[in-house]
Amino acid sequence: MGQQVTNAKGEQTEMDVAELQEWYKKFVMECPSGTLYMHEFKQFFGVQDDREASEYVENMFRAFDKNGDNTIDFLEYVAALNLVLRGKLEHKLRWTFKIYDKDGNGCIDKPELQEIVEAIYRLKKVCKSEEEEEDGTPLLTPEEVVDRIFQLVDANGDGQLSLDEFINGAKKDKWVMKMLQMDGSPGGWISERRRKSALF
């Protein structure tokens with residue numbers, strides 16, 4: 001009998017025992033003690049000496065650490081991966097918003113978003129060298145990304161993104177979705193880091 005999970009379409013699906021066992025093997029290989037600590041999480045992303053990227057990874061860690069004990073155990077790991085890999089779009093966006101809203105005031109302002117975009121750029125460079133988008137166009141600077149997101153998403157023009165603006169903007173515009181939701185998800189980085197470590 002499998003574990004009930006919700007897929008990206010919001011449908012209940014079963015995660016089979018073999019898949020859960022595979023996740024457990026990977027978790028134990030990464031964390032032999034059975035728990036993942038903040039410093040290990042930072043090492044995994046290679047952000048020890050970069051303040052902005054380090055803060056972003058700390059926020060991500062806290063979002064995974066549901067019980068607030070400053071560790072990620074296997075159940076929290078499974079819940080996080082399930083959200084990243086199978087969760088409903090709105091749940092992923094809410095989780096991403098929580099990470100981006102550094103001061104916890106319920107809104108994201110331009111400085112908060114710029115810090116996050118800069119941290120994401122640094123993390124991506126750690127995981128892979130990326131000078132262009134997939135379609136061959138040059139990468140925008142973090143400032144250009146933030147300005148464009150606010151032009152497209154800040155519906156009331158108050159210079160802050162509410163949760164509703166964040167979710168609605170991401171759902172309406174594919175580029176905004178890529179910049180907000182996909183880059184906010186560690187799934188791609190985790191896969192890339194694992195792929196690279198398997199090569200060495």
Side-chain angles (χ1 to χ4, degrees), residues 2-16 19-20 23 36 41 45 55-68 72-121 123-124 127 133-134 140 142 145-192:
Q3 173 69 36
Q4 286 287 330
V5 293
T6 303
N7 70 12
K9 295 177 184 175
E11 304 161 335
Q12 288 291 318
T13 62
E14 273 198 16
M15 179 190 306
D16 68 21
E19 185 177 10
L20 202 52
W23 282 14
L36 179 63
F41 198 69
F45 286 99
E55 285 179 11
Y56 177 73
V57 170
E58 287 172 17
N59 285 345
M60 192 188 309
F61 182 90
R62 282 190 282 277
F64 284 177
D65 179 19
K66 293 292 186 191
N67 65 3
I72 296 173
D73 62 24
F74 179 66
L75 291 177
E76 290 166 328
Y77 172 81
V78 168
L81 281 182
N82 190 50
L83 173 67
V84 168
L85 300 174
R86 299 180 176 171
K88 282 184 173 180
L89 174 61
E90 188 158 331
H91 293 153
K92 290 180 184 181
L93 290 169
R94 286 178 184 277
W95 180 81
T96 302
F97 184 88
K98 181 179 173 183
I99 292 173
Y100 284 22
D101 182 16
K102 288 177 65 173
D103 61 11
N105 70 351
C107 291
I108 299 170
D109 59 25
K110 281 189 174 187
E112 280 178 314
L113 187 57
Q114 186 157 334
E115 279 186 41
I116 292 295
V117 171
E118 288 171 355
I120 288 169
Y121 272 43
L123 281 171
K124 287 178 114 176
C127 295
E133 294 285 359
E134 290 172 14
L140 297 174
V145 169
V146 170
D147 288 342
R148 185 168 172 196
I149 288 173
F150 268 81
Q151 285 174 349
L152 295 169
V153 176
D154 187 11
N156 63 7
D158 67 352
Q160 295 187 326
L161 302 180
S162 67
L163 177 59
D164 288 340
E165 287 174 324
F166 186 86
I167 290 172
N168 293 335
K171 285 181 176 178
K172 282 193 275 188
D173 188 290
K174 285 183 182 180
W175 180 84
V176 171
M177 171 70 77
K178 179 182 174 200
M179 297 311 294
L180 294 179
Q181 190 257 334
M182 295 306 177
D183 285 346
S185 161
W189 299 329
I190 290 169
S191 299
E192 183 69 18

Could you tell me which residues satisfy ring pair (Phe, Tyr, Trp, His ring centres under 6.0 Å) with Phe150, sequence neighbours excluded, listed by chain and number?
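Expected list: none.
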
If you take all heavy atoms of [X] and [Y], which pair is closest and at what distance?
X	Y	value
Ile99	Asn59	O-ND2, 3.4 Å
Trp175	Leu152	CE3-CD1, 4.1 Å
Glu76	Ile72	OE1-CA, 3.2 Å
Phe97	Phe166	CD1-CG, 3.5 Å
Gln160	Asp154	O-OD1, 3.2 Å
Leu93	Lys171	CD1-CG, 4.5 Å

Just verifying a value: how many Å separate [X] [atom1] and [Y] [atom2], rounded to the nearest 0.5 Å?
X	Y	atom1	atom2	answer
Glu90	Trp95	CD	CH2	16.0 Å
Leu113	Ile149	CG	CD1	5.0 Å
Asp101	Thr96	CG	OG1	12.5 Å
Ile167	Met177	CD1	CE	10.0 Å

What is the ring orientation for Phe61 with Phe41, classed by angle as parallel under 30°, tilted 30 to 60°, or perpendicular over 60°?
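Plane angle over 60°, so perpendicular.
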
Contact between Lys172 and Val153 at the side-chain level, heavy atoms closer than 4.5 Å - yes or no?
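A side-chain contact under 4.5 Å is absent here.
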
May I ask you to decide if [Y]'s main-chain N or O and [X]'s side chain share a donor-acceptor pair within less than 3.5 Å?
X	Y	value
Glu165	Cys107	no
Asn168	Asp164	yes
Glu115	Glu112	no

Can you name the side chain to side chain donor-acceptor pair (under 3.5 Å) partners of Gln114, sequence neighbours left out?
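Here the qualifying residues are Glu118, Glu143.
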
